[in-house]
Amino acid sequence: MRTKSENPVQQTSSTTVTDSSSTASMDPIFHLIRILPFSFLRPPRLRLKLPSISLPSSNVVFALVLLTYFMVVSGIVYDIIVEPPGIGSTQDPYTGAVRPVVFMSGRVNGQYIIEGLSSGFMFVLGGIGIIMLDLALDKNRDRSVKVSYASAGISSIVLAYVMSMLFIRIKIPAYLR
């Protein structure tokens, strides 16, 4: 038995190339449907301009990203699916008066709508504080502007942290004690 390299190579002098899109291999009915209407019908020559959509500015993109972040951390998906009330209410055991409650105390995986929005606002406030700290590091700014950005950023971060810890302590009474 011969190996592959020992087999004689047969070459043909004429090679035929078949094109799959040629009209010879096409179905005659398809050919009629494709060609016949365009033999007497002509498409109109419209001079339509394509609408040009410009890219949004960086501030618009930042605002959309920040709004999306706020909606996600506020629990908008939970609010849409579960449909909790805006705020709750409890009855005072001594006076019998009904008073509003903003935080669903004792339930970690449940929230009122206002609770989610206030927590989401605190998270966004902390994020904006970090952005302000980044802006304070810019070398091209005046010293007073840098100090203003740094102080506003630090105060935003501290306020967001303190309020978030307060929210957690209201929600879970025995947290970190």
Side-chain angles (χ1 to χ4, degrees), residues 20-21 34 38 42-177:
S20 63
S21 64
R34 189 174 149 200
F38 297 108
R42 299 279 179 228
R45 293 181 185 167
L46 299 176
R47 291 188 179 102
L48 297 176
K49 291 184 178 180
L50 292 175
S52 63
I53 299 172
S54 61
L55 292 176
S57 68
S58 60
N59 288 334
V60 171
V61 172
F62 173 71
L64 289 175
V65 167
L66 195 64
L67 180 69
T68 304
Y69 175 71
F70 172 73
M71 299 297 260
V72 168
V73 298
S74 294
I76 193 73
V77 175
Y78 173 82
D79 292 341
I80 290 172
I81 293 173
V82 177
E83 296 179 1
I87 59 171
S89 62
T90 59
Q91 189 172 9
D92 192 8
Y94 300 112
T95 62
V98 177
R99 41 186 200 112
V101 176
V102 177
F103 290 95
M104 196 178 287
S105 182
R107 283 193 57 200
V108 178
N109 42 348
Q111 73 176 14
Y112 295 124
I113 294 174
I114 297 297
E115 176 184 354
L117 292 176
S118 58
S119 297
F121 178 74
M122 289 302 139
F123 294 146
V124 169
L125 184 66
I128 288 175
I130 292 172
I131 292 170
M132 285 184 181
L133 285 178
D134 182 55
L135 290 174
L137 295 175
D138 190 11
K139 295 179 181 177
N140 297 329
R141 297 194 193 277
D142 193 29
R143 179 170 164 72
S144 63
V145 175
K146 286 182 183 182
V147 170
S148 298
Y149 274 136
S151 61
I154 290 171
S155 62
S156 296
I157 291 172
V158 168
L159 179 67
Y161 175 75
V162 168
M163 292 303 291
S164 296
M165 290 305 292
L166 178 68
F167 292 169
I168 289 176
R169 287 196 179 119
I170 292 172
K171 185 119 178 116
I172 309 167
Y175 183 70
L176 291 179
R177 290 189 188 179

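Everything quoted here is computed from the prediction, not taken from an experiment.
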### Message
Counting only heavy atoms not in Leu46 (residues, nucleotides, ligands), do more than 12 fall under 6.0 Å from its CG?
### Response
yes
### Query
After noting the C-alpha distance and the side-chain angles of Val102 and Ile170, does the key distance pass the side-chain contact (heavy atoms from CB on, under 4.5 Å) rule?
CA-CA 10 Å; Val102 177; Ile170 292 172; over 6 Å; no
### Message
To the closest 0.5 Å, what do you measure between CG (Asn59) and CG (Leu64)?
### Response
11.0 Å
### Task
Name all pairs fulfilling the ring-ring contact (aromatic ring centres under 6.0 Å, His included) condition that reach into residues 44-73, sequence neighbours left out, sorted by first residue then second.
none
### Query
So, for Val73 and Gly120, which heavy atoms are closest and what is the spacing to 0.1 Å?
CG2-CA, 3.8 Å
### Residue pairs fulfilling side-chain hydrogen bond (donor to acceptor under 3.5 Å, both in side chains) with at least one residue in residues 102-118, sequence neighbours excluded
Asp79-Gln111, Glu115-Lys171
### Query
In Å and rounded to the nearest 0.5 Å, what is the CG to CE distance from Leu137 to Met132?
14.0 Å
### Task
Could you name each residue pair satisfying side-chain hydrogen bond (donor to acceptor under 3.5 Å, both in side chains) that touches residues 146-156, not counting sequence neighbours?
none
### Query
Which pair of non-hydrogen atoms, one from Glu83 and one from Ile80, has the smallest distance, and what is that distance?
CG-O, 3.6 Å
### Phe121 atom CZ, neighbour heavy-atom count above 12 within 6.0 Å
no
### Closest approach of Gly126 to Ala160 (non-hydrogen atoms, all atoms of both residues)
N-CB, 3.6 Å
### Query
What pair of heavy atoms forms the shortest contact from Phe123 to Ser164, and how long is it?
CE2-OG, 3.9 Å
### From CA spacing to verdict: side-chain contact (heavy atoms from CB on, under 4.5 Å), Leu66, Ile128
CA-CA 9 Å; Leu66 195 64; Ile128 288 175; 4.0 Å; yes
### Message
Measuring from atom CD1 of Ile81 to atom CD1 of Ile76, what distance do you get when rounded to the nearest 0.5 angstrom?
### Response
11.0 Å
### Message
How close do Ser119 and Phe167 get, counting heavy atoms only, and between which atoms?
### Response
OG-CD1, 3.7 Å
